[in-house]
Participant: 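Take this structure first; my questions come after.
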Amino acid sequence: MSDPFALDDEPPPPVGANAPLASASWLDGLNPEQRLAVESTEGPLLVLSGAGTGKTRVLTTRLAHLLASGLARPWQCLVVTFTNRAAREMRERIASMMGPSAEALWLGTFHALGVRILRRHAPLVGLESNFTILDTDDQLRLVKQLLDAEGVDGKKWPAQGLLAMFQRWKDRGLAPQRLGEEGGGEFAEGRSGALYAAYQERLRVLNAADFGDLLLHTLEIFTAHPDVLEQYQERFKYILVDEYQDTNVAQYLWLRLLARRHKNICCVGDDDQSIYSWRGAEVGNILRFERDFPGARVIRLESNYRSTAHILGAASGLIACNLQRLGKTLRAGLTGVGGGDKVSVRGVWDGADEARVAVEEIEQLHRDGLRLSQIAILVRTGAQTREFEERLIVTGTPYRVLGGLRFYERQEIRDALAYARVVAQPADSLAFERIVNTPKRGLGDATMQALHALSRAERVPLLEAARRIVASEELKPKARQTLTALIGDFDRWGAMLGGMPHSELIQTVLDESGYTAMWQAEKTPDARGRLDNLKEFVRALEEYDSLQSFLEHVALVMENDGKAQSDGVTIMTLHGAKGLEFDAVFLPGWEEGLFPHQRALDESGAAGLEEERRLAYVGITRARRRVFISHAGSRRIYNQWQDALPSRFLAELPAEHVERQANPGLWGGQAGLAEAGGGEGWQTPGWERMRRAPPVVEATSWKVETPRKAGAFQVGGRVFHQKFGYGRIEDVQDDKLVVAFDKAGTKKVMGSFVTSA
DNA sequence: CGTATATATCTTTTT
DNA sequence: GATATATACG
C-alpha cells in the first residue's frame, strides 16, 4: 500500500465512504493525479477538478501534507473557501488529522478573512477597528435615506437597483475614486457615481462596512500601504483556494497581491460549476491564471468516484451543450458497480402532484433501506420548497430546509440583534433607528426627522443626537420624556456590559425594553414561535465569550448551526447544494421559465442560459445513485395558473441514460406535452411547435376565478367587493372603477378587487 | 401618533 | 399569498 511506485494499482476509495486518513500515510488512496496535486507544493498550481473527483480530499490532504512534512507552520497557510460551511468542514477534517494546531490556520471565507485583516488596520481606511458590519436590511435603509437626502426620486430609481450597482462595483474592486469612466450610466441622470461616493462616506461616518467593503477596504489597504501588504505576503507561504471558479475580480486581485511573494498558490475549481456570475464571479479568472502566474502548472482531475455511469452520462451530455467551457471529460472511476439506474424523468400535473409523487418515491427509497439524510430535494428557487414541506408534513416524513429564511433574518431576531448592537456599540445608528420605536413607544416620524436633522448637522450618531435633543426644548414633552427614558435604559444596560454574562444581559435588555412583552401580548399564532426563537437567540449567545465576537459571527455567518438536525430529507436550492452529495437527488421544476429561469435568460441571454445549464449539471452530479427529475404541466405563479413547457434541458439529456416515467392516465391531452409513448415526448413535433411559440399565459378554468379586467365592466353593472359588499358601477377609468356601494357609499376601487355580481 | 385599510410588488440564486 | 408602502381616519 505504501509503495510509492505502485500508484496505478491503488484502488479507488469506496463510494460514499470517507475513509479516514491515518496520520502517517496521508497519501494513501489517492489516484495519480490527486497525488500530483497534493505533492506539487511549490509554485502556482491550478487544479481543474470535475464534479465528484475528490476535490475536497485533495485540498485537505495537500494541507495536511504541507504541515506534516514541515514545509509550513499552520499560521503560514491561507485557506480560502466559498462558504462558511465548507470552512467549518475543512477545519474539522484538518483537526481530526493534525490535532489542535489546525486552530492556527488562516482558514475561512474571503469575507471572514477580510474582516480579520481589516480589524487590524481599520484606521487606514478611516474606520475604527470595532466597525459594524451591515446586513442587507441596513444597507437598503441607508441607500433610501441617501436618495431622500439627495432629492432623487426613489420611485423612478429604486434603491435596490442602486445598491446592486454599488455591489457590482465592489465585486470588481472599484472604490468610488477608481470608478473613472465606469461611473454613471443612466441611473438618476448619471449621478450614481456621486451617490456611490456619498454612500461610502455615510458608511465611514457610521463606522460601518458592508459586505463588499470587507474585501474592498482590505484591497485598498494593500495597494496604498505596501508595508502592510508585505507583512501578509511574507506570512502566507502557501495559499489554497477552493471553488476558484466563483471568485470575483476583487477576490482575484486580493489573492494575486498576497501570492506575489511566495507564489505558492493552489487554486481548485471547475468551470462547469460556475454558478455565481450574478454575484460578480468571473470564470475568466480560471482562464487568466496561467497568464498571471507564469510557470503555473495545471492538473486535471477527471475520475469521478461519486456517481453511477448513467448519472455521469446524463450530466456530461447536458453540459456538453455549453459552448463556453474549458472542456473536461468525466470518467467513471467507479468500479464494480454497473451502470446503475437511469435518470428518471417524469411529467406531473402540477406542483402539488409533483410533491406527492416525489414523496411517494422517497418513502419507497426509505423502505428499500436508504437513509433519509441521504436524500435531497434540490430546487431552483426558494419558493418551491413549500409544496414539498407541506407534503412531507402530511406523510410525517422528517425533513429539514437548509438556507430557507435563515434564523438571523427573522424579524424578531433582527430586532433583538439591533438591541444587542446598540448596547455593544452605542454609535450604531442603524441599529438604534430600528428599535427606537419597537415596541411602540410613541416616537414616530416627527421625532425621527428631528433626530436625523440634528445628527446630520452635528455629525454625531443618532443616540448622541437624542441626548442633545432632550436637553433642548425641541420635542413635545411626551416624546421628550420617552426618549429620555430610553437613553437612560441604554446607559444603564451599557454600564452592565462587563458585569454579567452577556446572554443574561441581553435577556434583561429584551425584558426591560418591553420587547418580550410585545410578543407576549401579540395574539397571532406565530407569536409563540417568535418567543421560542428569542429564547434560542439568547441560548446561542452563551456559546460566545463576548458580545462582540457573537455579533461578528452573526454578521458573517447568518446561520444558526446550533441545532443539528438528526435524520431527515434535505430540501435546499441548487446553489446551496454545491459541494454536497447524496445517494438520491430529486430535481423538480424542470420547466421553461422556471429552470432555466426566465430572468436569467432576460438579463444575461445566452450566457445566462449556460449558467442555468451549469446549475442543472451541479444538480445532477450531486447524486451518487439515483436522480429523479420532474416537470409540471402547470404551475401557480403569484396568483395565476400558468401552463409550463418541459425544460429544454430535458431534451439535452442523452436518451440512453434517461428513463421516461409515464404517469398513468395523467397525460391524456395536455397540449404540447403529448406522451408519444416513445419515451421522448419532449421531442415531439408538438413540443417543438410550442417551443417556437412562447406559451400563452392563461388561467385554467378549473381552479381559479379569473381576475376580471376592468375593461370587462360596464357602467350600471352590479359588482361585489370583499370589504364593501354589493354595489353599482358608476364609472370606469382605466383599471379603476367608481362604484356606488349599497352600504359603504361611493368608492373608487381597483377592478381586480371586485367581481361581477 | 397609531391603526386599519388599500394598493403594489414580488421570487432567482448568497457571502 | 405575503409583505412593504401609501393613505385615511380616529
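Numbers restart at 1 for each chain; the letters A, B, ... are given by sequence-line order, proteins then strands.
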Participant: With the side chain of A:N437 defined as its heavy atoms from C-beta on, choose the nearest nucleotide among B:dC1, B:dG2, B:dT11.
Facilitator: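 Shortest atom-to-atom distance from the side chain points to B:dG2.
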
Participant: Can you find a side chain N or O atom of A:T573 that sits less than 4.0 Å from OP1 or OP2 on B:dT14?
Facilitator: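 Answer is yes, contact under 4.0 Å.
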
Participant: Please answer whether the main-chain N or O of A:I286 pairs with a side-chain N or O of A:Q245 as donor and acceptor at a distance below 3.5 Å.
Facilitator: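 No; zero donor-acceptor contacts below 3.5 Å.
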
Participant: Return whichever of A:A112 or A:A600 has its heavy-atom-nearest nucleotide of DNA chain B closer to the 5' end.
Facilitator: A:A600

Participant: Without decimals, in angstroms, what is the distance between A:D171 CG and B:dT13 C1'?
Facilitator: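 Those two atoms, CG and C1', are 14 Å apart.
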
Participant: Among B:dT11, C:dA2, B:dT15, which is the nearest nucleotide to the side chain of A:R386?
Facilitator: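 Taking heavy atoms from C-beta onward, the closest nucleotide is C:dA2.
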
Participant: In whole Å, I'd like the distance from the NE2 atom of A:H597 to the P atom of B:dT14.
Facilitator: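 After rounding, the gap between these two atoms is 12 Å.
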
Participant: Between B:dT13, B:dC1, B:dG2, which one does the side chain of A:K440 approach most closely?
Facilitator: B:dG2

Participant: Side chain of A:D171, backbone of A:N248: donor and acceptor closer than 3.5 Å?
Facilitator: no

Participant: As a quick check of understanding, evaluate side chain to side chain contact (heavy atoms under 4.5 Å, CB included) for A:K170 and A:L215, giving each step before the final call.
Facilitator: CA-CA 8 Å; A:K170 292 186 177 186; A:L215 278 167; over 6 Å; no

Participant: Starting at CD of A:Q411 and ending at C1' of C:dA2, how long is that distance when rounded to a whole Å?
Facilitator: 13 Å

Participant: Mind checking A:L443 for me? I need base, sugar-phosphate or nothing, with any heavy atom below 4.0 Å counting as a touch.
Facilitator: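 Here A:L443 touches the backbone only, sparing every base.
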
Participant: For residues A:F586 and A:F388, establish whether the separation of their ring centroids is below 6.0 Å.
Facilitator: no

Participant: Using atom CD of A:E412 as one end and atom P of C:dT3 as the other, report the distance to the nearest whole Å.
Facilitator: 12 Å

Participant: Taking only the side-chain heavy atoms of A:R279 (C-beta and beyond), determine which of B:dT15, B:dT11, B:dC1 contains the nearest atom.
Facilitator: B:dT15

Participant: Rounded to whole angstrom, note down the P distance from B:dT13 over to C:dA4.
Facilitator: 16 Å

Participant: Parallel under 30°, tilted from 30 to 60°, perpendicular over 60°: which one fits the rings of A:W590 and A:F595?
Facilitator: perpendicular

Participant: Touch check for A:F595, heavy atoms < 4.0 angstrom, all strands: base, sugar-phosphate only, or nothing?
Facilitator: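 No contact.
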
Participant: What is the distance from CG of A:N248 to P of B:dT14, rounded to the nearest Å?
Facilitator: 16 Å

Participant: Closest approach to the side chain of A:N84, judged atom by atom: which nucleotide of B:dT3, B:dT13, B:dT15 is it?
Facilitator: B:dT15

Participant: Assign A:F110 to base, sugar-phosphate, or nothing according to its heavy-atom contacts below 4.0 angstrom with the strands shown.
Facilitator: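 Nothing: the residue A:F110, judged by heavy atoms under 4.0 Å, touches no strand.
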
Participant: Would you mind reading off the distance between A:L574 atom CG and B:dT14 atom C1', rounded to a whole angstrom?
Facilitator: 14 Å

Participant: Output yes when at least one side-chain N/O atom of A:K476 is less than 4.0 Å from OP1 or OP2 of B:dC1, else no.
Facilitator: no

Participant: Between A:W278 and B:dT13, do the rings stack, that is, sit under 5.5 Å apart with planes less than 30° off each other?
Facilitator: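 One would call A:W278 stacked on the B:dT13 base.
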
Participant: Which is more 5' along DNA chain B, the nucleotide nearest A:A446 or the one nearest A:L556? Just name the residue.
Facilitator: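 On the 5' side of the pair lies A:A446.
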
Participant: Classify the nucleic acid contact of A:Q167 as base, sugar-phosphate or nothing, counting any heavy atom under 4.0 Å across all strands shown.
Facilitator: nothing

Participant: Which whole-number value in Å describes the distance from A:Q160 CD to B:dT9 P?
Facilitator: 13 Å

Participant: Which nucleotide wins on minimum distance to the side chain of A:H111, given the candidates B:dT13, B:dT15, B:dC1?
Facilitator: B:dT15

Participant: Do A:R614 and A:S274 pass the side chain to side chain contact (heavy atoms under 4.5 Å, CB included) test, and can you show the C-alpha distance, the side-chain angles, and the key distance before you say yes or no?
Facilitator: CA-CA 7 Å; A:R614 290 194 291 269; A:S274 162; 3.9 Å; yes

Participant: Please state how far atom CG in A:L594 lies from atom P in B:dT13, giving the value in whole angstrom units.
Facilitator: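 Rounding to the nearest Å, CG of A:L594 and P of B:dT13 are 11 Å apart.
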
Participant: So if I take every side-chain heavy atom of A:A383 and compare against B:dT11, B:dT15, B:dC1, which nucleotide ends up nearest?
Facilitator: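 Per side-chain heavy atoms of A:A383, the pick is B:dT11.
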
Participant: Looking only at atom C1', what distance separates C:dA6 and B:dT11, rounded to whole Å?
Facilitator: 23 Å

